[in-house]
Protein chains: 2
Amino acid sequence: MLYAGFMSSTLPPFPTPQEPVENTPVLLELGTDVDEPCLRADAARNRARLLDAAARLVAEHGAAGVTMEAVAAAAQVGKGTVFRRFGDRTGLLTALLDHSERKFQASILSGPAPLGPGAPPVERLRAFGCAALRRAADDLELQLAAEPCPDRRFLVPPRQVRYGHVLMLLRQAVPDADCELLAQTLMGYLEPALIHHLTRQCHMPMDRLQAGWFDLVERVTGSGGSR
Amino acid sequence: MLYAGFMSSTLPPFPTPQEPVENTPVLLELGTDVDEPCLRADAARNRARLLDAAARLVAEHGAAGVTMEAVAAAAQVGKGTVFRRFGDRTGLLTALLDHSERKFQASILSGPAPLGPGAPPVERLRAFGCAALRRAADDLELQLAAEPCPDRRFLVPPRQVRYGHVLMLLRQAVPDADCELLAQTLMGYLEPALIHHLTRQCHMPMDRLQAGWFDLVERVTGSGGSR
DNA sequence: TAACGATCCGGACCGAGGTCCGTTTAATTT
DNA sequence: AAATTAAACGGACCTCGGTCCGGATCGTTA
């Protein structure tokens, strides 16, 4: 089993001063929506409240309105509690995205082909890009706001899952290439910041991005039968 | 003349409340090191002092030590002055990188082949990547710290210059492709954050990144004569 | 050189992210 | 049910990026 060990899951930091607290990632367990495994009753209640309040704030004032203090106030909870639960702002925003990210992951891991297993790798790659583009297009704002600082951007669980997936497919499609690097390149095309730039600032239609993805996959995997 | 109009140049914000103050980019003028065109005597003096102080702070405490207040203090200048001159922290850090960025741009625009004009486009593309990788490797820390927020990352002059260059070369190499998108893809491979991840976190040697670039260019331009 | 207006300076001020630590509370044990 | 302990809570506090505006300075014009 390839990437067991870093299913998305809102990275639960519980940053009690001691112990580095790495990401305690939830193993797959596709159906069950195991969130925070063991959490004291009050903690769980507050966590739910906070996520709810945060979502409300996003809906009302956009991602920029999600201030840690505002969220705390809206959830009638102390500010420290927010940080204890989610580590930092990025963590909170990531948690907000967690549900849809999980669905995305699930459909990749075990959904119907060609996104899920069963189709040939290049075809799955194509499908993956389309799905990723779509997912990026929805709540782009949140994805941008949730972007961590540069030196953590590549260590975040959702990214690792996607990377692992692309890597696996690439290894099947072009076994002789340096697939790690090619995978990073492909991932770069799906970066929220780039999508935002191309669609919102350059006004490209999504169709074009999608066509671009197909073309890129074809070039990278050398699967261009005709040309 | 292709990309006249956005030579790097530390984006001079002079954010006097009114007027949007867009980037007033310096036209090429390769030899002359025209910095801030017209700047009052005291302003120019303070600007120099600030850059000097900032460089000193970087040398001593790393990029993280470059606090706007610390820089102001070290330059014996008010905090407001720093912001007036450089707009924000990103602007200051960018200004620090400006000198080497300009040299880089110059050698691309008019240096010796294959980096400069004269070589066939694919070869220039290869050379460009090598140079960009080298440049990213030096003062990686600064480049990371200077990274703007996601929705400005692609609008920053140095990035636009590089993009324009790659775009031009790609258009020569693969006239029928969607070169805008391919150019963005290639640029993604050279992103400082990615270089940092691959070299510092994955411990890949630079040689491998370089080989990866060659391979990528070959795949993207379809210039693989043999395989 | 005196006066004037545009530009610049400086530091008080604000908001937001993040930390700390004394206090409270939920679970467990006796 | 009382005691115990680990965990969670809350909000004061700190730092830092960014803004504002009254006052000082520079360059120019008369």
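Naming: A, B, ... by sequence-line order, numbering from 1 per chain. Side chains are part of it too, since the values below use all heavy atoms of this structure and drop only hydrogens, waters and symmetry mates.
- Once rounded to the nearest 0.5 Å, the distance linking CG of B:Leu125 with NE2 of B:His165 reads 7.5 Å.
- Not a single donor-acceptor pair under 3.5 Å links the side chain of B:Asp139 to the backbone N or O of B:Leu142.
- Residues passing the side-chain hydrogen bond (donor to acceptor under 3.5 Å, both in side chains) test with B:Ser100, sequence neighbours excluded: B:Arg135.
- Atom-to-atom distance recorded for B:Leu181:CG and A:Arg208:CZ is 5.0 Å, nearest 0.5 angstrom.
- Expressed to the nearest 0.5 Å, how far CZ of B:Phe154 lies from CG of A:Leu198 amounts to 7.0 Å.
- D:dG11 atom P lies 12 Å from atom CG of A:Asn46, rounded to whole Å.
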Indicate for each nucleotide in nucleotides 21-30 of chain C, in 5' to 3' sequence, whether protein heavy atoms under 4.0 Å reach the base (B), only the sugar-phosphate (S), or nothing (-).
----BSS---
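- Using a 4.0 Å cut-off between charged nitrogen and carboxylate oxygen, B:Glu180 and B:Arg171 count as a salt-bridge pair.
- Look at CZ on A:Arg85: it is 17 Å from P on C:dG18, rounded to the nearest Å.
- Look at CZ on A:Arg89: it is 9 Å from P on C:dG18, rounded to the nearest Å.
- Taking every heavy atom of residues 57-82 of chain B and every atom of DNA chain C, pairs under 4.0 Å involve B:Val77, B:Gly78, B:Lys79, B:Gly80, B:Thr81, by number.
- What separates CZ of B:Phe83 from C1' of C:dG11 is a distance of 12 Å, to the nearest Å.
- Note that CD of B:Gln160 and CZ of B:Arg162 are 13.0 Å apart. Values are rounded to the nearest 0.5 Å.
- Looking at heavy atoms from C-beta onward, A:Leu51 lies in side-chain contact with A:Leu92 at the 4.5 angstrom threshold.
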